[in-house]
Structure formats: structure tokens, C-alpha cells
Enquirer: 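This structure is in C-alpha cells; I'll ask about it shortly.
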Amino acid sequence: MRTAEVRPDDVVLEIGPGLGSLTLGLLPAVARVTAVEIDPRLAGLLPDTVAARRPDLADRLTVVQADALRITELPGPPPTALVANLPYNIAVPVLLNMLELLPTLDRALVLVQAEVAERLAAGPGSGAYGIPSVKAAWYGDVRRAGNVGRRVFWPEPNVDSGLVSLVRRPPPDGDREATFAVADAAFAMRRKSLRAALARWAGSPAAAESRLRAAGIDPTARGEQLSVADFARLAATDPVLP
């Protein structure tokens, strides 16, 4: 709970509560917990588990049986914090989906595969920096918040895990979809210069160079050298007419 930095007035969104061990830890510390569980059996058991273990807190829990990637709205008060042990194969899209869907979320603490944690928290110029880094940075300041060894889980997974903390801040000036599109294009060919990597996005290598220079970016640079603000500035440049 200390790492999550939850407060008594928080409405916490928990993704994948499973058997409810984290849920039971959160309920005494916050105002409400909205737990999203895709498994109908686990979703049905969670209220019973809380009622049996902490009947005094049962009214603080709302369980939503749904796929976190397909949710378009949540019942009850808007959540202010996300705390989740995310499935490794969908961790990044779930995190980004929740941050986009729920602007009231001002903090997130997620447990993900160690490699994913490194990518989410990486900064420009590092080997782990890529599309997840850029897209997470659109929403806030991201950092590694700790390591979790595989032996604390049962059954024991084949990978280590890491905690990632995100504190929301205003996004860069610009359009999110356009910024993400140019980042996707840049990292699709991350070994190439941006002039070459963005040729299809811009219409031609020459058009890419023109837009890069208009954004104040060296056309010979690579995508891994650009911050999310750089990508936003580049996306906002005017298209070059053929």
C-alpha cells in the first residue's frame, strides 16, 4: 500500500483481482475499490470473499465482470488511482486503455513482466526505449517502483516482475492519435534514420526530411532519440504536398 501511495479518499480501480488478496489489502485504505475481472467465476466469488473476510468493508467494493480492453465505462464514482497485477501479454494495452478512458486517474501502480517494466519506464536514448515508453509518457511521468522475484507467486512464473509507477501530468501540446502514429512509424524501422523510417508516413523521404526540419529535429536522428514532446511537435507539422 505504501508503494501505491493510495489515500483514504481514493477510488481505486483494480484490474484482475483474482482471488482478492490485493483487494482485501486495498479496501481498508481507500474509499472504494472497483475491481474488473474477466473470469466470471472469480468475479462471482470476490464479493463473497470480501463479505466473509471483511464484512464491514463489503459496501466499498464494486465488481465488474468484463474484459479491461473492451470497457467503455465504469459504474460508480470515477476512479482516481489504478492498482493492478496486469496479465503480461496485454499489460501495455490495458494500461494505455485505462489512462485514455479514465482521465480522472491521476496515479497508477502496475505489476508487469520485468522486461515490460523496463520498456515502460525507459527514457530517450536507452536501449529499452520504444513505443510503450513514448505512449506511457504521453500520460504522465513513469518510473520503476521496484522489482518482484518470481518466487513470491504461486504457481511460480517463468519470468521476474517489476512495479511501474505513473503520475499523470498534462500531455504535450498536440494530437494524441497523430503523435502515436508517427511514433509507431519511427519505431517500425528503429535502426534507420528518421528520414528513411518516416518516408511512408510523410509521403517520401524528402517530405519526411522537410517535416523533421520544420519540427527542429535532425533528419539523421533515430526514433529512440526523440521524447514524446518531440514526436508531438513533429506530428503537428504541416503535411508536404506532392
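No experiment lies behind these values; they were computed from the predicted model shown.
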Enquirer: Name the one of V182, L226, I217 that satisfies side-chain contact (heavy atoms from CB on, under 4.5 Å) with R233?
Expert: I217

Enquirer: Does L101, at its CG atom, have more than 12 non-hydrogen atoms belonging to other residues, nucleotides or ligands within less than 6.0 Å?
Expert: yes

Enquirer: Can you tell me how far OG1 of T104 sits from CG of L82, rounded to the nearest 0.5 angstrom?
Expert: 10.5 Å

Enquirer: Are side-chain heavy atoms of L105 and Y139 found at a separation under 4.5 Å?
Expert: no

Enquirer: So if I apply the side-chain contact (heavy atoms from CB on, under 4.5 Å) rule between V33 and each of V6, L46, L26, which one comes out positive?
Expert: L26

Enquirer: Taking D67 for its side chain and L69 for its backbone only, find out whether a donor-acceptor pair lies under 3.5 Å.
Expert: yes

Enquirer: Under 3.5 Å, side chain of R222 to main-chain N/O of R191, donor-acceptor pair present?
Expert: yes

Enquirer: Assess whether side-chain contact (heavy atoms from CB on, under 4.5 Å) is satisfied between R53 and T49, documenting all intermediate values.
Expert: CA-CA 6 Å; R53 301 284 184 90; T49 300; 4.3 Å; yes

Enquirer: Donor-acceptor pair, R190 side chain versus E224 backbone, under 3.5 Å?
Expert: no

Enquirer: Can L74 and V36 be said to form a side-chain contact (heavy atoms from CB on, under 4.5 Å), step by step?
Expert: CA-CA 9 Å; L74 288 171; V36 175; 3.9 Å; yes

Enquirer: Is it the case that one hydrophobic cluster holds both F187 and L234, taking links as side-chain heavy atoms less than 4.5 Å apart, direct or via other members?
Expert: yes

Enquirer: Rounded to the nearest 0.5 Å, how far apart are CE of M189 and CG of L194?
Expert: 10.0 Å

Enquirer: First locate atom CD of Q65, then atom CG of D39, and finally report the distance between them rounded to the nearest 0.5 Å.
Expert: 8.0 Å

Enquirer: Evaluate side-chain contact (heavy atoms from CB on, under 4.5 Å) for V164 paired with L95, printing each intermediate quantity in order.
Expert: CA-CA 11 Å; V164 174; L95 175 62; 5.6 Å; no

Enquirer: Are any non-hydrogen side-chain atoms of L166 and L99 less than 4.5 angstrom apart?
Expert: yes

Enquirer: Keeping the roles fixed (side chain from S133, backbone from G123), state whether a donor-acceptor pair exists under 3.5 Å.
Expert: no

Enquirer: Can you see which heavy atom on T179 is nearest to which on D175, and at what distance?
Expert: OG1-O, 2.7 Å

Enquirer: At their closest point, which heavy atom of A68 faces which heavy atom of N97, and how far apart are they?
Expert: O-ND2, 2.9 Å

Enquirer: If you compare all heavy atoms of V30 against all heavy atoms of R60, which two are closest, and at what distance to 0.1 Å?
Expert: O-NH1, 2.9 Å

Enquirer: If I compare all heavy atoms of P28 with all of R54, which pair ends up nearest, and what's the gap?
Expert: CG-NH1, 3.7 Å

Enquirer: According to a 4.5 Å side-chain heavy-atom criterion applied to Ile, Leu, Val, Met, Phe, Trp and Tyr, with indirect links allowed, do V12 and L102 form part of one hydrophobic cluster?
Expert: no

Enquirer: Determine whether more than 12 heavy atoms belonging to other residues, nucleotides or ligands lie under 6.0 Å from atom CG of D56.
Expert: yes

Enquirer: When you compare the side chain of T62 with that of P75, does any pair of heavy atoms fall below 4.5 Å?
Expert: yes

Enquirer: Before you tell me yes or no, could you show the steps for Y129 and Q225 under side-chain hydrogen bond (donor to acceptor under 3.5 Å, both in side chains), namely the whole-Å CA-CA distance, both residues' side-chain angles and the distance that decides it to 0.1 Å?
Expert: CA-CA 9 Å; Y129 186 69; Q225 297 171 259; over 6 Å; no

Enquirer: Please give me the minimum heavy-atom distance between W138 and R169, naming the atom from each residue.
Expert: O-NH1, 3.6 Å

Enquirer: Which value, rounded to the nearest 0.5 Å, describes the distance between Q113 atom CD and N89 atom CG?
Expert: 9.5 Å

Enquirer: Check the hydrophobic clustering (I, L, V, M, F, W, Y; side-chain heavy atoms under 4.5 Å; chains of links allowed) and say if L109 and V92 are grouped together.
Expert: no

Enquirer: Go through it in stages, so that I can follow the logic: the residues are T80 and R32, the test is side-chain contact (heavy atoms from CB on, under 4.5 Å), and I'd like the CA-CA distance, side-chain angles, deciding distance and then a yes or no.
Expert: CA-CA 10 Å; T80 56; R32 293 197 63 81; over 6 Å; no

Enquirer: With the 4.5 Å side-chain cut-off for hydrophobic clustering, are I38 and I90 part of the same group?
Expert: no

Enquirer: To the nearest 0.5 Å, tell me how far L212 CG sits from R195 CZ.
Expert: 9.5 Å

Enquirer: Hey, does P219 have a side-chain heavy atom less than 4.5 Å from the side chain of R213?
Expert: yes

Enquirer: May I ask whether V11 and V64 are part of the same hydrophobic cluster, defined by side-chain heavy atoms of I, L, V, M, F, W, Y residues being less than 4.5 angstrom apart, directly or through others?
Expert: no

Enquirer: If every non-hydrogen atom of P124 is compared with every non-hydrogen atom of S227, which pair is closest and at what distance?
Expert: CG-CA, 3.9 Å

Enquirer: Report yes if some heavy atom in the side chain of K135 is under 4.5 Å from a heavy atom in the side chain of F231; otherwise report no.
Expert: no

Enquirer: Just how far is it from atom CG of L57 to atom CG of L24, taken to the nearest 0.5 Å?
Expert: 8.5 Å

Enquirer: Counting neighbours of CZ on R200 that are heavy atoms of other residues, nucleotides or ligands and sit closer than 6.0 Å, is the number greater than 12?
Expert: no

